[in-house]
Amino acid sequence: QKEVEQDPGPLSVPEGAIVSLNCTYSNSAFQYFMWYRQYSRKGPELLMYTYSSGNKEDGRFTAQVDKSSKYISLFIRDSQPSDSATYLCAPEEGFSSGSARQLTFGSGTQLTVLP
Amino acid sequence: DAGVIQSPRHEVTEMGQEVTLRCKPISGHNSLFWYRQTMMRGLELLIYFNNNVPIDDSGMPEDRFSAKMPNASFSTLKIQPSEPRDSAVYFCASSSPTGVDRGKHNEQFFGPGTRLTVL
């Protein structure tokens with residue numbers, strides 16, 4: 001079993017739809033839950049992150065974590081064609097003694113929002 | 001800030017040739033990561049460095065791959081000899097414990113990638 005499993009997609013939705021992107025993980029030590037967005041032929045960029053369980057909202061984006069079920073979600077409201085990208089979940093344990101630990105990325109979900 | 005710089009952006013080579021990919025991390029970042037991305041396998045961590053020291057190279061596929069970080073501002077990933085199955089996009093990323101929002105999570109800043117094609 002992979003440490004992080006992500007719904008593979010691809011996902012195609014009409015403009016204005018609500019999008020739900022999901023991941024599951026197995027490592028109970030994960031504390032930070034990040035979502036990266038990757039546009040075609042670009043490197044991934046951090047979209048948003050949450051710490052521990054709960055929700056975090058940033059504009060049209062909401063990140064949700066349920067540590068009891070080890071389930072991570074990203075919701076996009078009123079989706080726009082500019083949201084078309086690959087979304088990667090990336091949970092991690094956090095820093096140790098001022099140095100980074102590795103991120104474990106999900107396989108990514110390719111989203112296309114049709115105008 | 002110029003961001004993470006990678007060179008070359010594209011590389012086409014023949015099987016058996018040596019390939020060297022280069023990365024300049026963001027100034028002040030003390031962690032550097034090399035990833036490989038393919039459609040089949042997604043984004044895979046190859047190796048990462050903290051303070052120029054390799055921490056985990058378990059993702060390096062085999063002895064044909066090697067990575068160095070001689071100083072805080074430069075790293076190389078070398079493939080010798082290259083094979084067609086090495087064709088992929090290779091990303092370098094850097095991070096710092098005192099990142100953008102000074103939080104303790106590990107925001108990584110990615111370069112534009114090097115698209116490698118081995119014929």
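Please read all numbers here as calculations on a predicted model, not as lab measurements. Numbers restart at 1 for each chain; the letters A, B, ... are given by sequence-line order, proteins then strands.
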(request) Please confirm whether the backbone N or O of B:Gln108 pairs with a side-chain atom of A:Tyr36, one donor and one acceptor, at under 3.5 Å? (result) yes
(message) Give me the atom names and distance for the closest heavy-atom approach of A:Gln38 to B:Phe91.
(response) NE2-CZ, 3.5 Å
(message) What's the separation between atom OG in A:Ser107 and atom CD in B:Glu44, rounded to the nearest 0.5 Å?
(response) 11.5 Å
(message) So B:Tyr48 and A:Leu103, do their side chains get closer than 4.5 Å, heavy atoms only?
(response) no
(request) Please state whether the side chain, the backbone, both or neither of B:Arg115 comes within less than 4.5 Å of a heavy atom of chain A. (result) side chain
(request) Identify which part of B:Gln37 has an atom lying under 4.5 Å from any heavy atom of chain A, answering side chain, backbone, both or neither. (result) side chain
(request) Find out if a path of hydrophobic residues (ILVMFWY) with successive side-chain heavy-atom gaps under 4.5 Å connects B:Leu45 to B:Phe110. (result) yes
(request) Report yes or no: do A:Ile72 and A:Phe61 belong to one cluster of Ile/Leu/Val/Met/Phe/Trp/Tyr joined by side chain heavy-atom distances under 4.5 Å? (result) yes
(message) Is there a continuous path of hydrophobic side-chain contacts, each under 4.5 Å between heavy atoms, that joins A:Met34 to B:Phe33?
(response) yes
(message) For A:Glu45, is the CD atom crowded, meaning more than 12 foreign heavy atoms sit under 6.0 Å from it?
(response) no
(request) Name the option with the most non-hydrogen atom pairs under 4.5 Å to chain B; the candidates are A:Gln110, A:Arg41, A:Gln6. (result) A:Arg41
(message) With clusters defined by side-chain heavy atoms of hydrophobic residues (ILVMFWY) lying less than 4.5 Å apart, directly or transitively, does A:Phe75 cluster with A:Tyr87?
(response) no
(request) Identify whether B:Phe65 and B:Phe49 are in the same connected component of the hydrophobic contact network (ILVMFWY, side-chain heavy atoms under 4.5 Å). (result) yes
